[in-house]
Amino acid sequence: MLEITRIRENKNEVIERLTVRNIDAQEKIDTLLKLDEEWRLSKHKMEAIAAEANSLAKSIGQLFKEGKQAEANEAKAKGAALKEEEKMAAEGMNAIADDIQKILYEIPNTPHVSVPTGKLDTDNEVVSESGTIPTVGQNWMPHWELAKKYNLIDFELGVKVTGAGFPFYIGKGARLQRALINFFLDQARDAGYTEIIPPFVVNQASGIGTGQLPDKEGQMYHDAQDDLFLIPTAEVPLTNMYRDVLLKETDFPIKLTGYTPCFRREAGSYGSDVRGLNRLHQFDKVEIVRFEHPSNSYKVLDEMVAYVQGLLTKLGLPYRTLRLCGGDLGFTSALTFDLEVYSAAQDKWLEVSSISNFETFQANRLKLRFKDENGKNQLAHTLNGSALALPRILAALLENNQTEDGITIPAVLVPYTGFDKI
RNA sequence: GGAGAAUUGGCAGAGUGGUCGAAUGCGGCAGUCUUGAAAACUGUUGUACCGCAAGGUACCGGGGGUUCGAAUCCCUCAUUCUCCGCCA
């Protein structure tokens with residue numbers, strides 16, 4: 001959520017930034033500022049009435065104390081009338097405030113100046129490509145066939161027990177999965193991140209804090225009985241740890257990592273890219289989250305990108321780095337880099353990480369602030385990134401490392417798997 | 001799941017209808033004293049919003065209500081503790 005004061009003071013800049021997302025926010029923001037003005041007027045009116053009622057109430061107490069019954073009763077009648085007036089004024093004010101809130105929830109974050117214009121994912125800027133693309137062998141199979149051949153993952157069993165998109169990992173498939181999780185967590189720990197095991201379900205307030213709610217509830221699994229949501233990413237519980245927290249400047253940097261399963265309804269997804277591990281309703285992911293001083297956050301974003309790139313290099317996967325264009329940028333993000341690995345047998349780039357700076361967009365909702373050197377409270381910057389999402393990593397590992405006599409496990413993983421070949 | 005008790009400022013803790021944004025202690029900050037520090041003493045010390053300002057409004061777990069007036073009374077929800085039940 002953008003800060004209303006910022007919109008008030010830099011209206012044109014905000015509108016101009018939002019055009020990068022192909023959004024014409026002019027009208028919405030005009031409406032917003034008009035409502036804002038009305039709100040302030042009605043607030044002023046309401047508070048004036050409240051002030052009068054408050055001082056009257058005080059004087060009534062005094063009158064009673066002095067035994068002036070008649071005067072007191074007269075004042076009481078007046079107070080009752082004032083109270084009625086105050087109630088009406090407050091209702092008017094709150095109605096306007098609700099409208100303002102609603103519009104604010106609808107406005108996405110302003111893209112960073114480096115975000116390229118563009119509408120589709122094909123307009124994303126390829127920043128770099130690294131690693132060697134393997135030459136596809138004669139009988140190379142896509143990962144879902146490999147998974148079947150070596151009995152690593154059973155998709156049909158998942159359909160029977162739960163539904164499409166909930167696979168079973170079996171034997172070496174399961175162990176490889178667990179190895180990846182441990183490898184990623186150990187790497188994050190070595191990079192100074194504190195490991196967290198958070199709850200896998202969150203309440204509504206947390207969903208609002210990180211921007212999944214309102215509006216995107218269709219993407220999350222919801223337990224209506226207790227009004228709880230299955231997390232779509234560890235970002236939600238990890239970031240909400242610091243909801244309503246006032247930090248000291250010396251608390252920075254705050255670096256968290258956590259492994260969680262992620263649950264996504266993926267309503268509206270279809271077609272060939274849901275095949276196999278490419279898109280699941282439940283998948284495993286290790287996430288890194290950071291809270292930073294605003295002056296430092298873009299440097300940190302670069303550092304996070306470099307860190308995740310390092311993971312892919314260690315796994316020996318060819319990857320490319322994309323700077324997302326305005327049209328592809330997530331609602332809450334100001335700047336996002338996506339990392340995609342090349343999955344040879346599918347001949348596809350698969351997104352395995354998304355690393356974003358949200359600036360104050362989430363912090364504003366979270367009320368995540370710090371006391372600056374002047375003793376003033378200001379909003380912190382939040383950042384996060386996948387490090388890494390497992391299924392597509394697994395897909396690329398299986399596809400790229402297949403040989404005539406099995407699948408080769410990258411050397412860095414062998415201590416974790418306990419086997420070097422499938 | 002049942003019964004009872006509790007929830008106040010960074011922490012501890014007082015406050016059962018009017019002068020309470022809230023005593024007191026600790027902690028924090030500034031100062032006096034000191035070569036320096038400690039101790040002692042003095043002062044100061046929540047957040048948000050509106051306003052150029054003066055100032056105003058709101059907040060004593062959340063929400064609602066009674067009243068001219070609520071930290072204080074009522075309802076409701078949440079959380080914590082104790083006892084009982086159930087259970088990995």
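Below, read A as the first sequence line, B as the second, and so on, with proteins coming before strands; counting in each chain starts at 1.
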For A/Ala75, which contact category applies under a 4.0 Å heavy-atom criterion: base, sugar-phosphate, or nothing? nothing
Given that both distances must come in under 3.5 Å, which nucleotide forms a Watson-Crick or G-U wobble pair with B/rA30? B/rU42
Over all strands shown, is A/Lys371 touching base, sugar-phosphate only, or nothing at heavy-atom distances under 4.0 angstrom? sugar-phosphate
Under a 3.5 Å limit on both distances, the Watson-Crick or wobble mate of B/rG18 is B/rC68
Find the distance A/Leu82:CG to B/rU57:P and express it as a whole number of Å. 13 Å
Pairs under 3.5 angstrom, nitrogen or oxygen only, protein versus nucleotides 60-66 of chain B, please.
none

Any strand is fair game: report the nucleotide pairing with B/rU57 by Watson-Crick or G-U wobble, both distances under 3.5 Å, or none. B/rA48
Please write out the pairs of protein N or O atoms and N or O atoms of nucleotides 28-30 of chain B separated by less than 3.5 Å, giving the distance to one decimal.
none

When A/Ala48 and A/Ala80 are each assigned the nearest nucleotide of RNA chain B, the 5'-most assignment goes to A/Ala48
I need the CG-C1' distance between A/Leu368 and B/rU47, as an integer number of Å. 16 Å
Give each protein N/O atom lying under 3.5 Å from an N/O atom of nucleotides 48-50 of chain B, with the pair distance.
residue: B/rA48; atom: OP1; partner: A/Arg369; partner atom: NH1; Å: 3.2
residue: B/rA48; atom: OP1; partner: A/Asn377; partner atom: ND2; Å: 3.4
residue: B/rC49; atom: O2'; partner: A/Lys43; partner atom: NZ; Å: 3.3
residue: B/rC50; atom: OP1; partner: A/Arg8; partner atom: NH1; Å: 3.3
residue: B/rC50; atom: OP1; partner: A/Arg8; partner atom: NH2; Å: 3.0

Under 4.0 Å from any atom of RNA chain B, heavy atoms only: list the residues of residues 54-63 of chain A that qualify, in numerical order. A/Asn54, A/Ala57, A/Ile60, A/Gly61
Considering every strand shown, what is the Watson-Crick or G-U wobble mate of B/rA6 when both distances are under 3.5 Å? B/rU79
To the nearest angstrom, the CD-P distance between A/Gln204 and B/rC77 comes to 18 Å
Pairing residues for A/Thr233 by the side chain to side chain donor-acceptor pair (under 3.5 Å) criterion, not counting sequence neighbours: A/Lys285
Results of salt bridge (Lys or Arg N to Asp or Glu O under 4.0 Å) for A/Lys11 - residues two or more places apart only: A/Asp30
